[in-house]
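What follows is a single structure, written as structure tokens, with notes after it.
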Amino acid sequence: MTDVVDSDELLRRIQRARACAAEEERSWRARSDELEGSDPQAARDAAVRTLAYEAVTRVLDEVLRPGSR
């Protein structure tokens, strides 16, 4: 796929990706908290996914607003 996009469209795509990553981070954090007592292994797996989405969110924050963190 070699579609050419302008800077505004690229910015919108990055913002959507950041919003998606932030939502996934919240979802996995809630799942980790929910599973903590009943299934510790699944809670750890969810916590790892939380950290991964947190990293993606931070990187996209830096792309959108350099020096913000």
Side-chain angles (χ1 to χ4, degrees):
M1 191 162 152
T2 58
D3 295 339
V4 176
V5 296
D6 63 9
S7 60
D8 289 335
E9 177 62 19
L10 182 59
L11 180 61
R12 283 190 294 274
R13 290 179 184 190
I14 294 170
Q15 288 169 333
R16 282 194 308 266
R18 192 244 174 251
C20 179
E23 179 58 34
E24 287 293 321
E25 178 186 343
R26 285 189 293 274
S27 174
W28 283 106
R29 186 178 314 279
R31 189 172 300 175
S32 176
D33 293 344
E34 176 183 303
L35 293 170
E36 197 168 314
S38 62
D39 190 349
Q41 181 60 42
R44 277 191 296 279
D45 292 344
V48 169
R49 290 177 187 257
T50 299
L51 292 174
Y53 279 108
E54 181 181 2
V56 170
T57 301
R58 285 181 180 218
V59 168
L60 293 176
D61 278 344
E62 185 63 27
V63 169
L64 294 169
R65 292 180 301 279
S68 65
R69 288 196 174 222

Inset, instruction - In plain terms, say whether Glu9 and Arg13 are close enough for a salt bridge, that is, a side-chain N and a carboxylate O under 4.0 Å apart. - result: yes

Inset, instruction - Measure the shortest side-chain to side-chain distance between Leu64 and Leu11 over non-hydrogen atoms and say whether it is less than 4.5 angstrom. - result: yes

Inset, instruction - Return each pair, listed once, that meets salt bridge (Lys or Arg N to Asp or Glu O under 4.0 Å) where at least one residue sits in residues 26-35; pairs must be two or more places apart or across chains. - result: Glu23-Arg26, Glu25-Arg29

Legend entry - For Leu35 against Ala42, the heavy-atom pair lying closest together: CD1-CB, 3.7 Å

Inset, instruction - Determine, using the 4.5 Å side-chain heavy-atom cutoff (strictly less than), whether Val56 and Leu51 are members of one ILVMFWY cluster. - result: no

Legend entry - Nonpolar side-chain network containing Trp28, other nodes, edges under 4.5 Å: Tyr53

Legend entry - NZ/NE/NH1/NH2 to OD/OE distance under 4.0 Å, Arg65 and Asp61: yes

Legend entry - Backbone N/O of Ala43 and side chain of Ser32: donor-acceptor pair under 3.5 Å: yes

Inset, instruction - Would you kindly say whether Gln41 and Arg44 are connected by a side-chain donor-acceptor distance under 3.5 Å? - result: yes

